[in-house]
Visitor: 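Before I ask anything, let me first share the structure, which is written out below as structure tokens.
Numbered from 1 within each chain, the chains take letters A, B, ... in sequence-line order. Model, not experiment: these values are computed from the prediction.
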Protein chains: 2
Amino acid sequence: MAKVTIKDVAKQAHVAVSTVSYVLNNSKSVKPETRERILKVIEETGYFPNHVARSLKTKKTQTMGVIVPDIGNIFFVEIIEGIEAYLSQRGYSVILCNTNENQEKERNYLSVLLNKDIDGLIFLATSKNPEIPQNTTIPVVIVDRKFSGNYSSVLVDNVLGGQIATEHLIERNHENVALLTGPLTISPYFDRMMGYRQALEKHGFEYLPFLVEQCGTATYDGGYQGLHRLLDRLSEPPKSIFAANDMMALGAMRALFERGVSIPKQTAIVGYDDIPTASIMTPALTTIRQPKFEMGQKAAEMLFNELQNSADSQSYLFQPSLIVRETG
Amino acid sequence: MAKVTIKDVAKQAHVAVSTVSYVLNNSKSVKPETRERILKVIEETGYFPNHVARSLKTKKTQTMGVIVPDIGNIFFVEIIEGIEAYLSQRGYSVILCNTNENQEKERNYLSVLLNKDIDGLIFLATSKNPEIPQNTTIPVVIVDRKFSGNYSSVLVDNVLGGQIATEHLIERNHENVALLTGPLTISPYFDRMMGYRQALEKHGFEYLPFLVEQCGTATYDGGYQGLHRLLDRLSEPPKSIFAANDMMALGAMRALFERGVSIPKQTAIVGYDDIPTASIMTPALTTIRQPKFEMGQKAAEMLFNELQNSADSQSYLFQPSLIVRETG
DNA sequence: TTGAAAGCGATACCAG
DNA sequence: CTGGTATCGCTTTCAA
């Protein structure tokens with residue numbers, strides 16, 4: 001069963017390869033009869049065009065690259081789902097690269113991908129902000145990170161999100177909301193903190209540094225330990241906590257549980273991201289939702305458009321929203 | 001900045017393209033001086049070999065396809081991580097295809113991928129067992145599904161897993177353990193049930209159909225509803241439950257919580273999979289761990305070997321293990 | 001050790 | 001409407 005090529009088809013249909021190509025791509029009008037004849041041969045032989053050869057000629061591979069920091073993180077996964085949904089529908093495949101929060105892997109992927117066979121790149125950067133090689137010839141869109149350079153990007157308004165979360169807490173509890181944050185060098189965490197401060201200010205509260213705890217990593221463990229530290233230095237638990245992502249919130253909840261402080265009675269808590277686990281917990285976590293799937297879709301769409309219409313790079317900003325559940 | 005090709009390099013280095021190719025691939029000995037000269041030109045021009053052209057010639061694309069039923073399911077994601085870890089280290093990229101538990105998408109991907117530019121395929125099948133097109137010329141390894149046909153596969157001993165879980169419960173509670181299972185048409189669930197029955201038998205218990213509840217979907221909701229149904233028809237909660245996956249177990253826990261039955265005091269529960277959320281819950285879920293990452297790695301390794309040594313297709317069976325936590 | 005040239009499997013231009 | 005052919009960028013055989 002040697003692979004059948006366009007040549008074989010041409011021969012069997014008694015036409016030139018170019019003619020076969022025309023019917024394959026509908027790129028030129030072909031007399032119905034010949035078209036039929038060719039189609040029949042294709043059918044019979046089970047011919048299937050060779051993508052690689054086609055790509056060599058057209059300079060288009062019909063595949064996009066996606067670089068993510070951690071595919072174990074459901075937040076990114078939902079974005080990927082959005083990307084995939086959009087792209088697969090238009091005949092694109094996606095090459096997935098997991099950097100595992102490892103800068104070297106990231107750098108490596110960046111150079112491999114950019115020089116390999118992808119038509120475009122969607123880039124979800126690792127914690128520390130990296131540089132994109134300058135010699136890029138393909139469009140790239142950045143998701144969820146502010147970046148210098150002329151790239152498209154899709155962002156969520158993290159300042160607003162931080163504000164909404166904090167205000168919600170203030171309105172329900174009227175005082176001292178603590179902040180449990182990830183590394184402030186990561187733009188989303190920085191922005192959420194800004195939102196927190198703005199909400200405080202707006203309601204006439206002072207920003208109290210001893211109420212904010214920065215976790216080394218924005219993870220369950222990070223949140224767990226961070227909250228223990230916070231509780232250790234406070235005379236009593238804060239009335240409420242804004243955790244800058246759900247995983248930290250979950251870790252914080254465990255810490256609270258272990259210390260015997262009841263949620264939300266003694267201290268309320270709101271998270272950020274709305275990951276699936278948040279709604280499964282008992283009590284279920286109140287949180288800020290980011291339209292992750294839509295973000296992925298949008299990123300894919302922007303990339304697609306840049307490719308089709310060589311549209312200019314642009315930015316798109318999504319709005320987060322509050323999901324009230326049981327913790328605050 | 002027009003793309004520089006091997007031709008350009010050859011020209012600037014005053015050699016033939018073949019010579020450049022030789023140094024690129026280390027495929028023939030080249031006089032050190034010429035090699036240096038060529039390398040220098042490559043450096044200066046920033047030349048990077050075109051993968052597509054190379055693939056066309058070599059018939060190898062250095063990319064593998066991976067088809068998964070649901071990338072939102074952490075179980076599959078950890079397998080993917082294993083695959084990625086292994087493959088990326090040997091210079092392979094992976095094209096990820098998410099079928100979303102949709103058979104048509106799956107069929108579609110199967111035919112696209114198999115005819116496109118991948119060197120091998122790792123296939124995690126959707127719930128319903130599909131057929132792999134017969135005209136496959138590339139190696140395929142199946143993960144976590146029994147399949148007819150001459151494909152490699154990596155499996156976990158689900159019968160054993162079901163047995164371990166059930167025995168653990170029996171040994172701690174000594175009686176009537178209920179089974180909350182997913183569709184029995186899916187081989188892993190079928191096997192776990194067999195393990196359950198064997199454990200029962202081994203300990204002299206009768207298999208009681210009214211103690212087993214089959215959920216429409218093996219999800220949180222499925223488990224939640226399934227358990228409510230089970231409780232509805234029983235005069236009192238079973239002493240223990242073996243839930244055939246963690247998501248169902250979590251749903252069951254919520255149902256139990258809502259009915260005011262305490263875990264594990266009144267009814268103990270053990271899940272299956274050991275997903276991250278399982279350990280985060282309060283109480284933390286006792287469960288059966290599957291070596292997901294290793295499974296992915298192994299699958300990748302088998303594929304890799306089939307490619308390298310044209311090794312024969314084979315099967316590999318992993319052992320599950322019990323993780324005792326707080327629910328049982 | 002090096003080079004010329006064939007060819008991988010398609011696309012698309014230019015003639016007819 | 002159809003065909004011949006150059007070409008995409010590389011690998012590899014064969015000869016020098």
Visitor: For B:Ser187 and B:Asp191, test the side chains for any donor-to-acceptor distance below 3.5 angstrom and give the result as yes or no.
Guide: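 Result is no, nothing qualifies.
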Visitor: Consider only side-chain N and O atoms of A:Glu306 and A:Ser313, and report whether a donor and an acceptor are under 3.5 Å apart.
Guide: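 Short answer, no.
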Visitor: Working to the nearest 0.5 Å, report the span between OG1 of A:Thr58 and NE2 of A:His51.
Guide: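 A:Thr58 atom OG1 to A:His51 atom NE2 measures 9.0 Å (nearest 0.5 Å).
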Visitor: Minimum heavy-atom separation for A:Lys31 to A:Thr34, with atom names?
Guide: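 Heavy-atom minimum between the residues: O-OG1, 2.7 Å.
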Visitor: Nucleotide by nucleotide, 5' to 3', does protein get under 4.0 Å of the base (B), only the sugar-phosphate (S), or neither (-) in nucleotides 9-16 of chain C, counting heavy atoms?
Guide: BBBBBB--
Visitor: Nearest 0.5 angstrom please: A:Lys292 NZ to A:Ile80 CD1, how far?
Guide: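 The distance works out to 13.0 Å.
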Visitor: Tell me: NZ of B:Lys60 to C1' of D:dT12, nearest whole Å?
Guide: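 Rounded to whole Å, this separation is 16 Å.
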Visitor: Between A:Ser55 and A:Thr61, do the side chains contain an N or O donor and an N or O acceptor separated by less than 3.5 Å?
Guide: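 Short answer, no.
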Visitor: Examine B:Arg90 relative to B:Tyr86 and say whether NZ or CZ is less than 6.0 Å from the centre of the six-membered ring and inside a 45° cone about the ring axis.
Guide: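 Pair B:Arg90/B:Tyr86 counts as cation-pi.
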Visitor: Looking only at the side chains, is there a donor atom on one of B:Asn26 and B:Arg35 sitting less than 3.5 Å from an acceptor on the other?
Guide: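 Yes - a donor-acceptor pair under 3.5 Å links their side chains.
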Visitor: Which parts of residues 31-40 of chain B get close to DNA chain C, meaning a heavy atom less than 4.0 angstrom away?
Guide: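 Contacts with DNA chain C under 4.0 Å: B:Lys31, B:Thr34.
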